[in-house]
Amino acid sequence: MSDKFFFKGRQDARQSHISYGYEANVNQKAGSKKYPLTLVVTSEVRQQEIEAQVTEAGLYANITVDTSDGAVESLAELEMQLNKVVTSVTQQKLPARNEPCLCGSGKKYKKCCG
């Protein structure tokens, strides 16, 4: 017999987002006090340079020094935060119909340029 004639209970369709690893909490800002950046450097001098960059950018980071042979610096999170492109779109607001025109004629916008 077919399964569609027997009641199996309600199947919740939203449980699938948990299994695929999607981030449910998008309010995690990298570089904040609560979620600091994790950086790895290879020397004490480099650590001081990176700390200066982090404080200049207003970020927070946990910087660890790895002096073992073949150690690789891990600064990808910092570079991503410093190179983040800020998009700013500014649009000139048109005056309302009964406001003075922007061209300086003294007429209302609807009688002049509108």
Side-chain angles (χ1 to χ4, degrees):
M1 292 193 97
S2 171
D3 288 339
K4 69 180 185 178
F5 294 115
F6 298 102
F7 179 72
K8 293 185 177 181
R10 182 169 182 223
Q11 296 176 352
D12 192 10
R14 297 211 56 221
Q15 290 181 0
S16 62
H17 77 282
I18 297 170
S19 63
Y20 292 118
Y22 293 119
E23 187 63 47
N25 186 7
V26 294
N27 294 329
Q28 296 178 356
K29 183 179 177 187
S32 63
K33 281 186 180 181
K34 192 171 184 181
Y35 302 104
L37 303 172
T38 54
L39 308 173
V40 178
V41 294
T42 56
S43 67
E44 295 289 333
V45 176
R46 186 74 171 136
Q47 180 183 12
Q48 293 173 354
E49 293 174 2
I50 298 299
E51 284 177 353
Q53 286 181 356
V54 168
T55 54
E56 182 181 328
L59 300 172
Y60 295 93
N62 295 332
I63 303 172
T64 57
V65 179
D66 187 10
T67 57
S68 64
D69 292 335
V72 178
E73 287 189 348
S74 174
L75 302 174
E77 292 181 16
L78 178 63
E79 291 174 2
M80 186 171 51
Q81 289 295 324
L82 294 178
N83 296 332
K84 190 179 286 186
V85 177
V86 178
T87 58
S88 61
V89 177
T90 57
Q91 295 179 346
Q92 184 179 4
K93 184 179 177 185
L94 290 175
R97 293 185 71 227
N98 292 322
E99 290 180 4
C101 188
L102 295 175
C103 69
S105 65
K107 295 181 180 180
K108 290 183 180 181
Y109 179 73
K110 67 180 178 182
K111 297 265 185 180
C112 183
C113 297

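Values in this document were obtained by computation on a predicted structure and should not be read as measured data.
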A.B. asks: Restricting to non-hydrogen atoms, name the atom on C101 and the atom on C113 that form the minimum distance, rounded to 0.1 Å.
C.D. replies: SG-SG, 3.4 Å
A.B. asks: Using the rule that two of Ile, Leu, Val, Met, Phe, Trp, Tyr join whenever any of their side-chain heavy atoms come within less than 4.5 Å, decide whether L37 and M80 are in one cluster.
C.D. replies: no
A.B. asks: Find the distance between CD (Q53) and CD (E79) and round it off to the nearest 0.5 Å.
C.D. replies: 9.0 Å
A.B. asks: For residues R97 and K108, report the shortest heavy-atom separation together with the two atoms involved.
C.D. replies: O-CB, 4.0 Å
A.B. asks: Would you say K110 has more than 12 foreign heavy atoms packed within less than 6.0 Å of its NZ?
C.D. replies: yes
A.B. asks: Quick check: closest heavy atoms across A96 and Y109, and the distance to 0.1 Å?
C.D. replies: O-CB, 3.6 Å
A.B. asks: Check K33 against Y60 and note the closest heavy-atom contact, atom names and distance.
C.D. replies: CE-OH, 3.1 Å
A.B. asks: Where is the tightest heavy-atom contact between T42 and A71, given as atom of each residue plus distance?
C.D. replies: CG2-O, 3.9 Å
A.B. asks: Could you list the residues that satisfy side-chain contact (heavy atoms from CB on, under 4.5 Å) with Q47, not counting sequence neighbours?
C.D. replies: V41, E44, E51, I63, V65
A.B. asks: Quick check: closest heavy atoms across E77 and T38, and the distance to 0.1 Å?
C.D. replies: OE1-N, 3.1 Å
A.B. asks: Say whether L59 and L75 are linked into one hydrophobic cluster, either directly or through other cluster members, by side-chain heavy-atom distances under 4.5 angstrom.
C.D. replies: yes
